[in-house]
Chemist: 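Quick one: the structure is below, questions incoming.
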2 protein chains.
Amino acid sequence: MGVTKTEIFTDEQNRIADLAKAFAHPARVAILQLLAQKKACVCGDLVDELPLAQATVSQHLKELKRIGIIQGEINPPRVCYCINETVWEEARHVFGSAFDTYVATTRCC
Amino acid sequence: MGVTKTEIFTDEQNRIADLAKAFAHPARVAILQLLAQKKACVCGDLVDELPLAQATVSQHLKELKRIGIIQGEINPPRVCYCINETVWEEARHVFGSAFDTYVATTRCC
DNA sequence: TTTGATTATCGTATTATTACGATATAAGTT
DNA sequence: AACTTATATCGTAATAATACGATAATCAAA
């Protein structure tokens, strides 16, 4: 994609961008909704609910794990996935703050 | 990127993903922060504040406009950009709801 | 009408993302 | 040890995103 120059932005800006990426694909939104609502944590359950190949789901789970918003507990041959509450609250706070920075004032357009 | 199968997801899931994309790049986060805090709407001002080429900033602005979270009023040779309050509130609501779906309960991991 | 100022678009190189089949891995079970 | 089950990773094709220089477009002013 062309080199995103992460070094020229603040840590906060890069973190927001990363957290937003968790929600920036409908499949990941679906996964997060499932994990947030139920506690259906097993990967196979997610594969059943999503019309995507097992490899694709696993790849999305890996990305969500990288961001930190989900965690997995290995219990072979299964892996139990769930929301990481700490990061979930971090995201809630980060986005909440971001939206609150909007100053309602007369704009030029 | 491989064809994202938008048709297999709900409208809501696709909308969340799209709104998240607005924040999924640090440059766009920076632009949104600037527009939300100040009312420095002119494209040139943004180019001055960001260490990116004018063409790159314009491209990010186009993407934000596509999502709808910003709007631009043409006033040649300038364009005045600002937050679209309606979509901003939509995003606040959509993410707020998403985070509230988390059911705090005993998880398996 | 030409110039100047500002922004958009084009062209394009580079890199990231998405998807899926195939295969590897891991640990319990027989 | 061989088999089964569930998940991860590899390989790879297709496509989207990022960045920037160059150029076009737009309208006011000279």
Side-chain angles (χ1 to χ4, degrees), chain A residues 1-9 13-14 17-18 20-31 34-35 40-67 70-82 108-109, chain B residues 1-9 13-14 17-18 20-31 34-35 40-67 70-82 108-109:
Chain A
M1 292 187 173
V3 192
T4 297
K5 305 176 164 179
T6 54
E7 71 281 2
I8 64 178
F9 299 104
Q13 286 164 343
N14 283 310
D18 227 33
K21 271 185 200 160
F23 292 88
H25 192 284
R28 290 196 292 268
V29 172
I31 290 171
L34 287 168
L35 290 182
C41 300
V42 182
C43 171
D45 295 345
L46 297 169
V47 174
D48 290 344
E49 304 232 29
L50 299 172
L52 294 173
Q54 182 266 327
T56 304
V57 173
S58 188
Q59 203 167 281
H60 281 301
L61 289 170
K62 185 181 181 182
E63 174 68 0
L64 290 172
K65 214 164 29 171
R66 180 192 67 76
I67 295 166
I70 69 169
Q71 56 188 311
E73 181 182 273
I74 299 172
N75 193 358
R78 288 156 216 259
V79 176
C80 169
Y81 281 108
C82 66
C108 50
C109 53
Chain B
M1 294 187 174
V3 193
T4 297
K5 304 177 163 179
T6 54
E7 72 280 1
I8 63 178
F9 299 105
Q13 286 163 342
N14 283 310
D18 227 33
K21 272 184 199 160
F23 292 88
H25 192 283
R28 291 197 290 271
V29 172
I31 290 172
L34 288 168
L35 291 181
C41 301
V42 182
C43 172
D45 294 346
L46 298 170
V47 174
D48 290 343
E49 304 234 28
L50 299 171
L52 294 172
Q54 181 267 326
T56 305
V57 173
S58 188
Q59 203 167 284
H60 282 301
L61 289 170
K62 185 180 181 183
E63 174 67 2
L64 291 172
K65 216 165 27 172
R66 180 191 68 75
I67 295 165
I70 70 169
Q71 56 189 310
E73 181 183 273
I74 298 172
N75 192 359
R78 287 155 215 261
V79 178
C80 170
Y81 281 108
C82 66
C108 51
C109 53

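Computed from a predicted structure; not experimentally measured. Protein chains get the first letters and strands the later ones, always in sequence-line order, with residue 1 at the start of each.
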Chemist: Please tell me which of A:Lys21 and A:Leu52 maps to the more 5' nucleotide of DNA chain C, matching each residue to the nucleotide holding its nearest heavy atom.
Modeler: A:Lys21
Chemist: Once you round it to whole Å, what is the distance between C1' of C:dT7 and CG of B:Leu46?
Modeler: 12 Å
Chemist: By nearest atom, which of the nucleotides C:dT7, D:dT7, D:dA19 is closest to the A:Cys43 side chain?
Modeler: D:dT7
Chemist: Send over the distance from B:Ile67 CD1 to D:dA17 C1', rounded to a whole Å.
Modeler: 12 Å
Chemist: Please confirm whether the shortest side-chain N or O distance from B:His25 to OP1 or OP2 of D:dA19 is below 4.0 Å.
Modeler: yes
Chemist: Side-chain N or O of A:Thr56 versus OP1/OP2 of C:dT18: is the shortest distance under 4.0 Å?
Modeler: no
Chemist: What do you reckon, is CD1 of A:Ile8 surrounded by more than 12 foreign heavy atoms closer than 6.0 Å?
Modeler: yes
Chemist: Touch check for B:Glu63, heavy atoms < 4.0 angstrom, all strands: base, sugar-phosphate only, or nothing?
Modeler: nothing
Chemist: Mind checking the CG-CG spacing from A:Leu34 to A:Leu50? Nearest 0.5 Å is all I need.
Modeler: 6.0 Å
Chemist: How long is the line joining CG of B:Leu50 and P of D:dT18, in whole Å?
Modeler: 14 Å
Chemist: For B:Arg28 and for A:Val79, locate the closest nucleotide of DNA chain D by heavy-atom distance; then report the residue assigned to the nucleotide nearer the 5' terminus.
Modeler: A:Val79
Chemist: In whole Å, I'd like the distance from the NE2 atom of B:His60 to the P atom of C:dT9.
Modeler: 15 Å
Chemist: Figure out the NZ/C1' separation between B:Lys62 and D:dA16, and round it to whole Å.
Modeler: 14 Å
Chemist: Answer yes or no: is there a side-chain heavy-atom contact under 4.5 Å between B:Cys82 and B:Gln71?
Modeler: yes
Chemist: Show the distances under 3.5 angstrom between N or O atoms of the protein and N or O atoms of nucleotides 23-25 of chain D.
Modeler:
none

Chemist: Kindly compute the distance separating CG (A:Leu46) from CG (A:Leu52), expressed to the nearest 0.5 Å.
Modeler: 10.5 Å
Chemist: OP1 or OP2 of D:dA8 less than 4.0 angstrom from a side-chain nitrogen or oxygen of A:Tyr81, does that happen here?
Modeler: yes
Chemist: Find the distance B:Leu61:CG to D:dT18:P and express it as a whole number of Å.
Modeler: 13 Å
Chemist: Measure the distance from CZ on B:Arg66 to P on D:dT18 and round it to the nearest whole Å.
Modeler: 11 Å
Chemist: Set out, line by line, the N/O atom pairs under 3.5 Å between protein and nucleotides 25-30 of chain C.
Modeler:
none

Chemist: Any idea which of C:dT9, D:dC20, C:dC20 is nearest the B:Ala53 side chain?
Modeler: D:dC20
Chemist: Do you know which two heavy atoms are closest between B:Ala17 and A:Val29, and how far apart they sit?
Modeler: N-CG2, 4.3 Å
Chemist: Which atom names give the shortest non-hydrogen contact between B:Leu35 and B:Cys41, and what distance separates them?
Modeler: CD2-CA, 4.0 Å
Chemist: Just to confirm, is there a sub-4.0 Å distance from OP1 or OP2 of C:dT7 to any side-chain nitrogen or oxygen of B:Arg78?
Modeler: no
Chemist: Working to the nearest 0.5 Å, report the span between CZ of B:Arg78 and SG of B:Cys43.
Modeler: 11.0 Å
Chemist: Counting side-chain heavy atoms from CB outward, which of D:dC20, C:dA8, D:dT9 is closest to A:Ser58?
Modeler: D:dT9
Chemist: Distance-only check: which donor-acceptor pairs under 3.5 Å involve side-chain atoms of residues 53-65 of chain A, not counting sequence neighbours?
Modeler:
from, atom 1, to, atom 2, distance (Å)
A:His60, ND1, A:Arg28, NH1, 3.3
A:Glu63, OE1, A:Arg66, NE, 3.1
A:Glu63, OE2, A:Arg66, NH2, 2.9
A:Lys65, NZ, A:Tyr81, OH, 3.4

Chemist: Would you kindly check whether a donor in the side chain of A:Gln59 faces an acceptor in the base of C:dA19, or vice versa, at under 3.5 angstrom?
Modeler: yes
Chemist: Between C:dT6 atom C1' and B:Glu73 atom CD, what is the distance in whole Å?
Modeler: 15 Å
